[in-house]
Number of protein chains: 2
Amino acid sequence: MQGTESNLNQFRNHLDQFSTLSDLQFKVVVDHIKIRKLKKHEVLLHEDQVVDHTFWINKGLLISTFTQDDGREHIIQFAIENCWITDQQAYYNQERSKFRITCLEDAEVFALSYESRETLCAEIGELSHFFRRKANDSFVKLQQRLLTYLTSDAQQRFELLCEEYPTLIQRISKKRLAAYLGVTRETLSRFTRS
Amino acid sequence: MQGTESNLNQFRNHLDQFSTLSDLQFKVVVDHIKIRKLKKHEVLLHEDQVVDHTFWINKGLLISTFTQDDGREHIIQFAIENCWITDQQAYYNQERSKFRITCLEDAEVFALSYESRETLCAEIGELSHFFRRKANDSFVKLQQRLLTYLTSDAQQRFELLCEEYPTLIQRISKKRLAAYLGVTRETLSRFTRS
DNA sequence: CATAAAAATTGACATACATCACTAATTTCA
DNA sequence: TGAAATTAGTGATGTATGTCAATTTTTATG
């Protein structure tokens, strides 16, 4: 990691959430990290771009989006501090991205390349364990999200989102909440009236 | 693993798909496996049951389902030969299951306890790697499924499912395909008419 | 094989949500 | 600060899909 004023405590706490890394191990990880600073509206990852990094968010708010042929845009993920974001499919298979990652607030992210991650996981069992747990947790959360599509109508999905992420939704326009929930902004607007 | 006539080649091939295990490593894994044979309609996992195993399917077809308060049943996953199935959330957090896992065809499954899995992953780096990759792949597939809800109407979702799993859908009733796709059987029936 | 049970089909009608068109409010940034 | 761009709200109307009810077809089982 290049010289920076970034406080790494947060990152270390994050990595230690399932099992603890030694000081040395953490240092080895940090040496593979590249820092990127981004301005609001900046695009971190374009569609059709080769995805060789995953990004941990130290500060800021980003979204990954998928744009349909007809121009409709869907939000795959909101990502704030302590979240990871990338196009997983493209990252793991070294393919081109189907998603775009855009910065909604000025941000600082830690970039970890695919190669670095594989090297580190092979060297550091605890890190492999971390990413294994992390992947499982992400899966479970996504499954929960899918389940709300199967069980709940748009208004209920909106209310559940408000309950689960009360602070997040205040940082995000209703237009984008709609794009995440899978409804039009008009429909969402009619919910919030009442 | 208790004495059995099961052919383990298939299981070994499965585990070797991302990186190869040695004969010894594979033996260690197999020693943690318990075999279960199930009849059609048999329930492998009930709702509210503590989930201490994940199951690899050697033979057969199972589904995991979530039942809403009003009785509507949604299919979370179809699982055939070479798939793993469990209630991930409950398994990883040692909680009670929200899903039910039911056998749709006579089956033979390999049960791996949570404890065994963690022990094995700690001992065998290649296995940790396997489950990490596996979790990532599952995540990507689930994300793709979610995306079809955001981008496609019910008929398109049905057609995509037919394209992707042409053989699977022949083993499954339309009622259940509907419960997977998030439509009523009546609506699905109207698609297949034409 | 016969009977019961489950699954599939079909029609009539209800409803949640989308679309389109317009106006109002808010934010951006020159 | 003020004009332009973006976001939000609202009504009228269309459409995909759900609901209910009845019938037919297929599958399961003694």
Side-chain angles (χ1 to χ4, degrees), chain A residues 38-43 60-61 63 65 67-75 78 100 102-107 146 148-162 168-194, chain B residues 38-43 60-61 63 65 67-75 78 100 102-107 146 148-162 168-194:
Chain A
L38 298 146
K39 288 280 170 205
K40 186 170 177 174
H41 297 140
E42 206 173 330
V43 175
L61 169 54
I63 52 171
T65 53
T67 305
Q68 264 182 291
D69 302 338
D70 62 10
R72 272 186 297 173
E73 196 172 278
H74 304 278
I75 293 180
F78 292 121
R100 179 192 304 166
T102 312
C103 208
L104 297 190
E105 295 174 4
D106 291 359
L146 180 71
T148 67
Y149 279 88
L150 295 172
T151 57
S152 311
D153 65 22
Q155 181 154 12
Q156 290 172 320
R157 291 203 301 278
F158 175 61
E159 284 161 5
L160 287 167
L161 186 68
C162 292
L168 174 69
I169 58 159
Q170 283 162 29
R171 293 164 74 174
I172 292 164
S173 68
K174 293 193 174 159
K175 177 192 167 181
R176 290 214 165 86
L177 290 179
Y180 178 86
L181 288 168
V183 283
T184 58
R185 16 199 180 98
E186 292 93 330
T187 296
L188 185 66
S189 175
R190 287 181 238 270
F191 297 155
T192 52
R193 249 185 334 196
S194 44
Chain B
L38 299 146
K39 288 282 171 203
K40 185 170 177 175
H41 296 138
E42 205 173 331
V43 175
L61 169 55
I63 53 172
T65 53
T67 305
Q68 265 182 290
D69 302 338
D70 61 10
R72 273 186 296 173
E73 195 171 279
H74 304 277
I75 293 179
F78 293 120
R100 179 192 304 166
T102 313
C103 208
L104 298 190
E105 296 175 4
D106 290 359
L146 180 71
T148 66
Y149 278 88
L150 295 172
T151 58
S152 310
D153 64 22
Q155 180 154 15
Q156 290 172 319
R157 292 203 301 278
F158 175 60
E159 285 161 5
L160 286 168
L161 185 68
C162 292
L168 175 68
I169 56 160
Q170 284 162 29
R171 293 165 73 174
I172 292 163
S173 69
K174 293 193 172 156
K175 177 190 166 179
R176 291 214 166 86
L177 291 179
Y180 178 86
L181 288 167
V183 285
T184 58
R185 24 205 171 90
E186 292 93 329
T187 297
L188 186 65
S189 175
R190 288 182 237 271
F191 298 153
T192 51
R193 246 189 332 198
S194 44

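Quick note on labels: first sequence line is chain A, next is B, and so on, each numbered from 1. Not measured: the values here are computed from a predicted model.
Residue B/Ser189 places at least one side-chain N or O under 4.0 Å from the OP1 or OP2 atom of C/dT9. The side chain of B/Ser173 places no N or O atom within less than 4.0 Å of a non-bridging phosphate oxygen (OP1 or OP2) of C/dA7. For the OP1/OP2 pair of D/dT7 and a distance below 4.0 Å, the side-chain nitrogens and oxygens of A/Lys175 include at least one atom meeting the criterion. Contact annotation: B/Thr184 side-chain N/O to D/dG18 OP1/OP2 distance is under 4.0 Å. For B/Lys174, a side-chain nitrogen or oxygen approaches OP1 or OP2 of C/dT9 to under 4.0 Å.
Side-chain atoms of B/Glu186 and base atoms of D/dC20 include a donor and an acceptor less than 3.5 Å apart. Not a single donor-acceptor contact under 3.5 angstrom links the side-chain atoms of B/Arg185 to the base of D/dG18.
Rounding to the nearest 0.5 Å places CD of A/Glu73 at 13.5 Å from OG1 of B/Thr151. Once rounded to the nearest 0.5 Å, the distance linking OG1 of A/Thr67 with CZ of A/Arg72 reads 11.5 Å. We find the CZ-CG distance between A/Phe191 and A/Asp153 to be 6.5 Å, quoted to the nearest 0.5 Å.
The side chain of A/Arg190 sits closest to C/dC20 out of C/dC20, D/dG18, D/dT7. When each of D/dG18, D/dA16, C/dC17 is scored by its nearest atom to the side-chain atoms of B/Thr187, the top-ranked nucleotide is D/dG18.
The neighbour count for B/Asp69 CG, taken as heavy atoms of other residues, nucleotides or ligands under 6.0 Å away, does not exceed 12.
In this structure, B/Phe158 atom CZ and C/dA8 atom C1' are separated by 13 Å, rounded to whole Å. Counting to the nearest Å, the P atom of C/dA18 and the NE2 atom of A/His74 are 11 Å from each other. Between A/Glu105 atom CD and C/dT27 atom C1' the separation is 15 Å, expressed in whole Å. In this structure, the CD1 atom of A/Ile172 is 11 Å from the P atom of D/dA8, given to the nearest Å. Straight-line distance from the CD atom of B/Glu73 to the C1' atom of C/dA6: 14 Å, rounded to whole Å. Between the CD1 atom of B/Ile75 and the P atom of C/dA7 there is a distance of 11 Å, rounded to whole Å. Taking atom CD of A/Glu159 as the reference point, atom P of C/dA16 lies 14 Å away to the nearest angstrom. As rounded to whole Å, 16 Å separates atom P of C/dT15 from atom CZ of A/Phe191.
Of the residues near DNA chain C, A/His41 and A/Arg72, the one whose nearest nucleotide (by heavy atom distance) lies more toward the 5' end is A/Arg72. When each of B/Ser152 and B/Lys40 is assigned the nucleotide of DNA chain D with its nearest heavy atom, B/Ser152 is the one assigned upstream, toward the 5' end.
The residues A/Lys40 and A/Asp106 are annotated as not salt-bridged, no charged nitrogen and carboxylate oxygen being separated by less than 4.0 angstrom.
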